[in-house]
Amino acid sequence: MTVIPPGRPARRRASRAATVVVAILTALALVTPAGALADTPTPSPTPAPPIPAGTTAFTLAPISNGVVRPGDPLVVSLTLQNETLTPTAPVTATLALGRAPLADRTALAAWLDGEEAGVTTQAVATAAMESVPSGSSRVAAARVEAADPVLKGLAPGVYPLRATYGTPSGTVTSTSAMVVPPTDGDEVGIGVVVPITADPTARGLLTADELTELTAPGGALTAQLDGVEGTAAILAVDPAIPAAIRVLGSSAPETATAWLERLEELPNSRFALQFGDADVVPQLESGLARPLAPTSLSAYMQPADFVPDPESDSDSDSAPPPQATPTPTPTEPVDPEAPVYPTLPELLDIGAGSRTAVYWPVAGTAGPAVVESLGDIRIDDQSSLTLLSSTSTAAGRAGDTVPAHGRAGDADLLVYDADVSDALAAASGLEEPPLRGAALAEATAYLAFATAESGGAPLLVNLGRNPDRSRVALGTTIGAATSAPDVTPFTLGGLANSAVSAVEIEDAPEETVRTDVASALLQDEGELARFATILDDTSLLTGPQRAEILQLLGTGWLADDAGWTAAISDHRAATAATLDSVGLVPTSEINLFGSNVGLRFWVRNDLPYPVNLVLYVTPDNLRLNVQRANPLVAAAGSNSRVEVPVEARVGNGEVTLELQLRSRASVAIGDPESVDVNVRAEWESFGLAALGVVVGGLLLLGVVRTVLRLRARRRGADAAADGGGAHEPEETS
């Protein structure tokens, strides 16, 4: 499975931060044995961004984010990174400045991309650069004093800068820009959106161990709060993070609860991302009317973690009694040991002042249909608000500045400047100040054009989705955006309530692969929801399933195609295993002797919950009268027996019983089974008749024997009597 990357803006440049990579593999081949490059171990990670092995990178970065006010000197840093196997030769770099300002942001984009046609510059300073060892980097500085005639008289504008040095194979060049701000310019509002997210996960919620690591000092979530604290950034918070902390109740790590308290106490305006920062576009393109939301997180909570602490009410004991106590209304007694669970909205809460119904599609993926669908959504009587890249609008794609608050049809939009946002996102991910400064100078240059072209309307920018930024890089980047010339920070509410302008949405490529995956996940969810009707509480299965689907649709997976594909495969396999966790144990052939007996069958339940089932039994002929519906409760994690009463009718033969488990909602559970029954019901009658004959015979034999004995005794008595008469004397007359 391959993920189609989201559509890229027409003028999006991955490395427009004036970094030029110089390939020198050919030169290395002259001095390095064949295969040496492949066998050489990768250099140890450094704070600088990685560049390809066997290359060097040369970066020009004006200090102060490229802003040079009248009376200030021009100072730049020149960074040379070396990822070859040999040290670089010492060189002298030349800094050149164009005294004619660039015309617009299109000209700026071309200049930063290395297109120098029509731009004239003159050398203004040089800097000696020492040899850079293999796997290392060095920084040099060049300076033009404020009194230098080249800086005097420059009108407000964006001016081209170029640094070069020569090598035997050619000239190496890096471009940047310098901003001379107006002295009397009107301030323009700017909103800076900063996501608060974690790395993508296939689980429904972060675990306690993961939260411990992320919220520890130096952890990724801690760094994000450190970076935004004290700034005017608009926070875009993934609600799955506070939910993961709250479901742990009293067992939540201390660092996690402290982090959550910090988040809640920050005064920044904010909105909630989709749960897991799920991508809304494939959800809508799969046929949904609105993006998914969590249904229940009760399966993640343990009763022992939510038993109220009696000591928490101790403060009330010291409170003075009221003047008059009304007669209390009788209420049912409350078990102090009963757990008190938070509601789903309480679990997902991201702090006071958050705005609902805000959606942020991935840049370049939301076309007119998606924007219209999102615009139709209302939550809690509040219309939706969609964050959209300026390159998704006709004006932005043409190179014009688009104010923050826009409307397309009935859809309310907040449009962020793609050029400024891309540069800020790059800067926020760089640790070394000289390299970060190059990206910030680019952002400031684009912002100078944006403020001049916005007509006084506020602007919106964002720092991109990157959960692994340091607090220094994040804070510095936010500060650079909000302190740029002629801007003033705006809140989310301020932007949403500003003047609105009509925008035209450009078509976007369909997210075919992600949409197909979303459709498959939704189909699996439907099957699991039907299966879950075997539980008293269906949310024990459906809640985690929905949470996992949203996490798997998270935008963080876009950078990890292979990992996402594996996670989807594992999730679907786990769903199939759950659907197969309850079923009938196969039964061998049964011999039935008798007319009224009970047949025993076994039900397998591999779930950790007891399940409610009905076993339906259907014979294929009339030899057996069977109880068709047989309710049962199958114990968790065991095989349970169910006895089905049957009555055999007259006649012998074979009967096939069709067995099917169903939930009490009549949903088929597991595959049907069949069992053959050999009916020998007449054997019972034959046996009783034979037993009657035997018993009757025995009784008759006993009677005969008794009669014969009595007769024998009589004959013996008669014989004795006859023998006694022969000895008597004869009478004489």
Side-chain angles (χ1 to χ4, degrees), residues 202-205 274-276 278 282-301 344 514-553 567-586 601-618 628-640 642 644 657-674:
R203 289 183 293 273
L205 289 174
Q274 297 307 106
F275 187 92
Q283 298 178 54
L284 297 179
E285 290 184 347
S286 67
L288 294 176
R290 62 170 58 191
L292 298 172
T295 56
S296 172
L297 299 176
S298 60
Y300 296 98
M301 293 186 280
L344 183 60
R514 290 179 66 82
T515 299
D516 291 344
V517 169
S519 299
L521 292 176
L522 291 173
Q523 182 177 354
D524 290 349
E525 183 185 35
E527 294 181 11
L528 191 70
R530 291 187 289 273
F531 175 82
T533 56
I534 62 180
L535 299 177
D536 291 330
D537 182 2
T538 60
S539 68
L540 295 175
L541 289 181
T542 58
Q545 180 77 356
R546 173 61 63 84
E548 290 172 8
I549 288 175
L550 289 168
Q551 293 282 12
L552 288 169
L553 294 177
I568 293 294
S569 178
D570 291 344
H571 172 81
R572 300 198 69 192
T575 301
T578 300
L579 294 173
D580 188 47
S581 61
V582 177
L584 285 163
V585 177
F601 302 100
W602 292 88
V603 176
R604 169 180 52 85
N605 177 18
D606 297 333
L607 292 175
Y609 316 109
V611 298
N612 304 310
L613 297 166
V614 180
L615 175 61
Y616 287 88
V617 183
T618 306
R628 299 297 179 95
N630 303 272
L632 72 144
V633 176
S638 64
N639 291 343
S640 300
V642 54
V644 179
L657 299 180
E658 296 296 334
L659 311 177
Q660 176 65 70
L661 285 175
R662 291 185 179 274
S663 71
R664 295 182 181 178
S666 198
V667 176
I669 305 299
D671 295 329
E673 296 283 345
S674 62

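Counting from 1, the numbers follow the sequence of the chain as shown. Predicted model only: the values in this text are computed from it and were never measured.
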Could you tell me the separation between the [atom1] atom of [X] and the [atom2] atom of [Y], rounded to the nearest 0.5 Å?
| X | Y | atom1 | atom2 | answer |
| --- | --- | --- | --- | --- |
| R290 | L284 | CZ | CG | 10.5 Å |
| S296 | M301 | OG | CE | 6.5 Å |
| Q523 | L528 | CD | CG | 12.5 Å |
| Q545 | T575 | CD | OG1 | 4.0 Å |
| L344 | S298 | CG | OG | 9.5 Å |

| said: I'd like to know whether T542 forms a side-chain hydrogen bond (donor to acceptor under 3.5 Å, both in side chains) with T295, so could you lay out the CA-CA distance, the side-chain angles of the two residues, the decisive distance to 0.1 Å, and finally the verdict. | reply: CA-CA 8 Å; T542 58; T295 56; 4.6 Å; no
| said: Using the rule side-chain contact (heavy atoms from CB on, under 4.5 Å), only one of L632, L535, I534, D536 pairs with N612; which is it? | reply: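 It is D536, the one option of L632, L535, I534, D536 that forms the side-chain contact (heavy atoms from CB on, under 4.5 Å) with N612.
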| message | Consider side-chain contact (heavy atoms from CB on, under 4.5 Å). Of I669, T538, D580, which one does F531 pass it with? | response |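 The passing option is I669.
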Just by distance, do the side chain of [X] and the backbone of [Y] share a donor-acceptor pair under 3.5 Å?
| X | Y | answer |
| --- | --- | --- |
| R514 | L553 | yes |
| R664 | V614 | no |
| Q551 | G204 | yes |
| S640 | A635 | yes |
| Q283 | L292 | yes |

| request: Could you please spell out the steps behind the side-chain contact (heavy atoms from CB on, under 4.5 Å) verdict for L607 and T578? | output: CA-CA 8 Å; L607 292 175; T578 300; 4.3 Å; yes
| request: Decide yes or no on side-chain contact (heavy atoms from CB on, under 4.5 Å) for E673 and V585, but give the supporting numbers first. | output: CA-CA 9 Å; E673 296 283 345; V585 177; over 6 Å; no
Can you find a pair of side-chain heavy atoms, one from [X] and one from [Y], that are under 4.5 Å apart?
| X | Y | value |
| --- | --- | --- |
| L615 | V603 | no |
| L613 | N605 | no |
| E548 | E525 | no |

| Contacts of type side chain to side chain contact (heavy atoms under 4.5 Å, CB included), residue D671, not counting sequence neighbours |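 Per chain and number, D671 pairs via side chain to side chain contact (heavy atoms under 4.5 Å, CB included) with no residue.
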| said: Could you walk me through whether V644 and L659 satisfy the side-chain contact (heavy atoms from CB on, under 4.5 Å) test, starting with their C-alpha distance in whole Å, then the side-chain angles of each, then the deciding distance to 0.1 Å, before giving a yes or no? | reply: CA-CA 11 Å; V644 179; L659 311 177; over 6 Å; no
| message | Minimum heavy-atom separation for A567 and A202, please, with both atom names. | response | CB-CB, 4.1 Å
| Looking only at heavy atoms, what is the nearest atom pair of A629 and Y616, with distance? | CB-CE2, 3.8 Å
| query | side-chain contact (heavy atoms from CB on, under 4.5 Å) between L521 and I568: does it pass, once the steps are laid out? | reply | CA-CA 9 Å; L521 292 176; I568 293 294; 4.0 Å; yes
